[in-house]
Amino acid sequence: MQIKVLYFAQLADLAGRTEEQIEVSERSAESLYADLRTAYNFPHDFKQLQVAINHELSAHETPLEEGDEIAFLPPMTGG
Amino acid sequence: MQIKVLYFAQLADLAGRTEEQIEVSERSAESLYADLRTAYNFPHDFKQLQVAINHELSAHETPLEEGDEIAFLPPMTGG
Amino acid sequence: MNFLLTEQPINPTALREKMLSPQAGAYCSYEGWVRDHNEGKEVAELHYSSYTQLAPSIADQILTEAKEKFNVTAAIVHRTGPLRVGDIAVWVGVTAHHRGDTFLACRYIIDNVKFRLPIWKKEIYTDNSEAWIENNHCGCADPANLQIHHKHEC
Amino acid sequence: MNFLLTEQPINPTALREKMLSPQAGAYCSYEGWVRDHNEGKEVAELHYSSYTQLAPSIADQILTEAKEKFNVTAAIVHRTGPLRVGDIAVWVGVTAHHRGDTFLACRYIIDNVKFRLPIWKKEIYTDNSEAWIENNHCGCADPANLQIHHKHEC
């Protein structure tokens, strides 16, 4: 299943990109994040991040669908 | 004893003037105000007003001195 | 002292520029505008009169209290004379390192300006009647109360 | 919707003019400015990045909440990209009939902007080091807490 991952802020810096297509076998956002964390050395625990799917905030356990765009959002620091 | 009385806002409208010299026999601001209230039909009780003597807020019972400038201030409504 | 009484229109852009500082991270400002109505009557004009020899020392006290309580830089400008709907009656500007202090100080200052600054407002209505506003504080008799946020203020 | 993300300098004079209304008696605005220091380090530049496809719906929620809670008209503008000391990072403007609502709503909005709007800040220091700011909320984990005024915020 193809998923598009969007990276912001520190995660974009560490991944060296702002987005990428990933082939996943599980429908779990937590499992996907665990793989990305290992690959890019992200500092955050999954529960520290908010999850957005298709540009809407989503529950951490929302199952992924083919073609979803997912973003893992570090604590926001605007203002 | 000569006292200068300053009038502001509604009191100036009712007195038809912004200041006047008054000859007083007592040194009491309350007594002076009672006379002015009778003369000009001021609506306020003495305790509803603040008293300024020589351009400083003063206690209601401050004794008047020759040449003082006194003002009786209605509740303030700026802003 | 950062206080001015003026018969000229208040210019918030110019006043804001005087507040700029590279040490300040937060700026909160408040403006009181002349509304077209009050308590069901259509307002044509306001007339503010002031006790000009007393107002500066009271304003200075209010600003000093705000600085001591909240560690802010602050200024007050109040207009006097005739004002029309849409005019700015009063402007308060506050800067500080952090936002919380600016909100608390700005609120403290405007509440105390309304309660303590010797300025009085006459409303002139579209039917040509007029009235001195009796009290715009909803019976708050004690300035100490003004630090509490009233749910239903005038 | 009264929300804008922009890479251009924020113009508070123009934004204020859009808030003018003869029905409004009170205007409160807040600006976040880039300071020359943070936690003991000298700041040369900030860089704000945003999730542009998500931010508008979050801003809309915050503004809707503020309108429902406080009966105000409000707007938010947040800058993104590189900012220098003295630049305006964020502007919030609020009008209402009465002042209390403008203060409460403006504070509510900026607190929630900082906590919920998907924008992130990198600080670049005068020694050329840089850091993503980890958290500017002092451990406030729940947006509901933001309605309380914190004495010691970051």
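Order of the sequence lines fixes the chain letters, A, B, ..., with proteins taken first and strands second; residue numbering starts at 1 for each chain. In this text, all values refer to a predicted model and were calculated from it rather than measured experimentally.
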With a sphere of 6.0 Å drawn around [atom1] of [X], does it hold more than 12 non-hydrogen atoms of other residues, nucleotides or ligands?
| X | atom1 | value |
| --- | --- | --- |
| D/Asn11 | CG | yes |
| D/Glu42 | CD | no |
| D/Asn128 | CG | no |

Begin with the C-alpha distance, continue with both residues' side-chain angles, and end with the deciding distance and a verdict on side-chain contact (heavy atoms from CB on, under 4.5 Å) for C/Arg35 and D/His98.
CA-CA 10 Å; C/Arg35 289 192 297 160; D/His98 300 296; 3.6 Å; yes
Using a heavy-atom distance cut-off of less than 4.5 Å, which residues of residues 24-31 of chain D contact chain C?
D/Ala24, D/Gly25, D/Ala26, D/Tyr27, D/Cys28, D/Ser29, D/Tyr30, D/Glu31
Ring pair (Phe, Tyr, Trp, His ring centres under 6.0 Å) involving D/His37 - partner list, sequence neighbours excluded:
C/His97
Let me confirm one number: the CZ-CD1 distance from D/Arg99 to C/Ile110, rounded to the nearest 0.5 Å.
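D/Arg99 atom CZ to C/Ile110 atom CD1 measures 6.5 Å (nearest 0.5 Å).
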Rounded to the nearest 0.5 angstrom, the CG-CZ distance for D/Asp111 and C/Phe103 is 7.0 Å
C/Ala55: partners by side-chain contact (heavy atoms from CB on, under 4.5 Å), with sequence neighbours left out
C/Phe3, C/Leu5, C/Leu117, C/Pro118
Counting a contact as any heavy-atom pair under 4.5 Å apart, which residues of residues 12-22 of chain C contact chain D?
C/Pro12, C/Thr13, C/Arg16, C/Met19, C/Leu20, C/Ser21, C/Pro22
